[in-house]
Amino acid sequence: MGLAVICMLLSSFSLFLLVKSQCPHLQDGLMRWSNESTWGGIFKVPRSGKTIVISQPVLLDVSPPPIPSLHIAPTGKLVWDDSGDYELKVGSLKVEGELHIGSHECQFQNKAVITLIGKSNDQLYLEDEDFGRKFIAVTSGGILELHGKDKLSWTKLNRTVTQLTFDNGILYDHQYTENSARRSVGLYVMVWNPNGTLFAFDAFRTTESKSIERETNRYLELLQDIPEGSIVGMAVRRSFARVPDFDYGPMLSATEQLAAIASGTSKMRDVGENDAYALIAVKGANEYTLESIGKADETKPSVDSGWIFRVVGDIKFSVRSVIGEDEQVDFTAVDSDAAFPKVTVIDDVTSWKAGDTVVFASTDYDMNQAEERIVYPCPDCESNEFRVNDPFNFVHFGEMTGGIDERGEIALLTRNIVIRGQTEDSCYGNNLCDFFDYDTFGGHLIVGKERSEERRVGKECRSRWSPYH
């Protein structure tokens with residue numbers, strides 16, 4: 001027995017040494033970024049355009065503040081710790097030494113993000129004479145290794161997926177009813193029965209002094225008449241401006257009572273005159289209550305609460321409010337099996353996890369019928385099945401026709417190692433704004449890579465600044 005125990009311990013120790021030798025973050029001699037002694041006893045990230053130079057082995061075990069420039073010297077090494085999710089925000093990253101995120105034998109398991117920061121007209125981020133700005137560059141003799149999780153990159157449909165229609169899942173869509181013709185300014189209220197059929201709909205002009213008292217009383221009466229267990233959606237159209245000196249307290253309190261939340265806690269109390277607001281709730285059941293506010297922004301033509309939803313029974317109920325140029329209120333009820341479509345493919349896709357983004361190629365002549373979706377939890381799926389977060393707007397063909405393979409492709413876009421450029425919401429400065437309405441000043445990489453993800457990289461019409469070199 002004693003010999004068996006010794007052999008088992010020796011075997012375990014040998015395995016530990018093997019893993020340690022293969023995993024960069026477990027190697028000896030690494031100095032933690034978070035440790036003051038790594039930086040000479042005073043841990044302070046340089047500011048105002050100063051360069052951080054790493055000339056020794058360092059383990060990145062935190063997400064540091066933004067760095068204008070990071071230089072890994074020939075004697076230096078930067079290794080990502082695989083004990084958590086960390087992001088490095090840097091204006092430029094020059095690698096003359098080594099940068100490791102995982103290895104071929106020890107794939108990185110957590111989330112690693114390198115964000116290349118800086119605007120084209122920002123003087124804090126100086127231009128390198130060899131590589132420009134907003135870059136990752138590996139010079140002669142430098143080593144950059146990125147090894148993310150090994151996931152299936154792409155597959156094909158094994159069954160056609162169809163677009164959502166009233167014949168295959170839609171129970172209620174506000175835009176296709178006579179209710180959509182209402183043009184009141186104020187708060188819209190939709191009430192569904194648990195089976196998705198309409199119980200009541202009304203609009204309340206909450207902004208007009210001559211009618212506010214009558215509208216408030218109608219609102220209170222409706223909320224009182226709603227049966228327990230009914231699903232309620234609310235959305236602001238055009239404006240939620242308050243009438244001066246009018247007491248909205250009873251209206252707000254009645255909303256909180258309906259949603260079964262504590263008095264004084266509803267986000268409706270914080271809605272500004274030009275904010276978008278949406279609420280969804282089940283009367284008497286606070287676990288379903290969800291609210292969203294889209295704050296007014298003078299720089300944007302529209303403000304959006306975003307779609308919010310709850311699944312009650314086997315039905316997905318959704319609400320949305322948009323204020324501004326694209327003004328609308330919207331309410332939908334969709335069978336949950338159609339709301340989160342199950343997709344059948346030809347390969348094992350168990351490496352695709354909830355939250356991953358996938359793209360479905362167009363199977364029509366129109367390339368714009370390609371659609372991105374997010375993988376949705378699916379406990380009942382087989383190894384070659386997965387669900388997505390939204391129905392499809394187009395049909396994606398998944399059949400063999402006369403021996404010809406016409407099955408649509410699906411590609412995984414998500415990786416756990418991400419390199420991205422930080423960009424502004426719109427074009428600015430001398431960035432060819434006469435031709436582009438978006439920020440064209442992305443990052444660029446002079447590097448080889450394996451199983452990583454890049455976003456917002458490259459610079460429009462700039463020589464030698466393509467995403468890869």
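From a predicted model like this one, the values you see are computed outputs, not experimental measurements. All residue numbers in this chain count up from 1 along the given sequence.
- Using modelled atom types, no side-chain atom of Lys151 and backbone atom of Gly148 make a donor-acceptor pair closer than 3.5 Å.
- The shortest heavy-atom contact between Ser321 and Tyr277 is CB-O, 3.1 Å.
- Nearest heavy atom pair, residue Val113 against residue Lys111, reads CG2-CG, 4.0 Å.
- Side-chain polar atoms of Gln328 and His174 form no donor-acceptor pair below 3.5 angstrom.
- Using a 4.0 Å cut-off between charged nitrogen and carboxylate oxygen, Lys316 and Asp335 do not count as a salt-bridge pair.
- For Phe108 and His147, the distance between ring centers is not under 6.0 angstrom.
- For Gln163 (side chain) and Phe392 (main-chain N/O), no donor-acceptor pair under 3.5 Å exists by modelled atom type.
- Checked for salt-bridge contact, Arg242 and Glu273 miss the test: no charged N lies under 4.0 Å from a carboxylate O.
- In summary, Arg407 and Glu399 do not engage in a salt bridge, as defined by a charged side-chain N under 4.0 Å from a carboxylate O.
- Other residues, nucleotides and ligands place no more than 12 heavy atoms under 6.0 Å from the CD atom of Glu213.
- There is a side-chain donor-acceptor pair under 3.5 Å between Glu406 and Thr401.
- The pair Arg387-Asp337 counts as a salt bridge, with a side-chain nitrogen and a carboxylate oxygen less than 4.0 angstrom apart.
- At distances below 3.5 Å, not a single donor-acceptor pair connects side-chain atoms of Ser184 with backbone N or O atoms of Phe204.
- Taking the six-membered ring where tryptophan is involved, the planes of Phe331 and Trp192 are perpendicular, since the angle between them exceeds 60° and thus also 30°.
- Rounding to the nearest 0.5 Å places CD1 of Ile374 at 8.0 Å from CG of Asp390.
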Residues 219-228, side-chain donor-acceptor partners within the protein, below 3.5 Å, at least two apart:
unit_1	atom_1	unit_2	atom_2	d
Tyr219	OH	Thr255	OG1	2.6

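- Using bins of under 30°, 30° to 60° and over 60° for the plane-to-plane angle, the ring pair Tyr376/Phe340 lands in the parallel bin.
- The side chain to side chain contact (heavy atoms under 4.5 Å, CB included) with Ile280 is formed by just one residue from the set Val312, Leu290, Val232; it is Leu290.
- Side-chain atoms of Asp330 and Gln175 form a donor-acceptor pair, as typed in the model, at a separation below 3.5 Å.
- No more than 12 heavy-atom neighbours from other residues, nucleotides or ligands sit within 6.0 angstrom of CD on Gln257.
- Atom OH of Tyr176 is surrounded by 12 or fewer heavy atoms from other residues, nucleotides or ligands within 6.0 Å.
- Heavy-atom contacts from other residues, nucleotides or ligands closer than 6.0 Å to NZ of Lys300 number 12 or fewer.
- Here the CD1 atom belonging to Ile419 is positioned 5.0 Å from the CD1 atom belonging to Ile114, to the nearest 0.5 angstrom.
- In the model, Glu291 has a side-chain atom that pairs as donor or acceptor with a side-chain atom of Ser266 under 3.5 Å.
- A donor-acceptor pair shorter than 3.5 Å cannot be found between the side chains of Thr332 and Asp173.
- No side-chain donor-acceptor contact under 3.5 Å links Asp364 and Ser362.
- Between Thr162 and Asn168, the side chains place a donor N or O and an acceptor N or O closer than 3.5 Å (distance only, hydrogens not considered).
- Using modelled atom types and a 3.5 Å distance limit, the side chains of Ser92 and Ser69 yield a donor-acceptor pair.
- Contact check on Glu87 versus Arg420 returns a salt bridge, with a Lys/Arg side-chain nitrogen under 4.0 Å from an Asp/Glu carboxylate oxygen.
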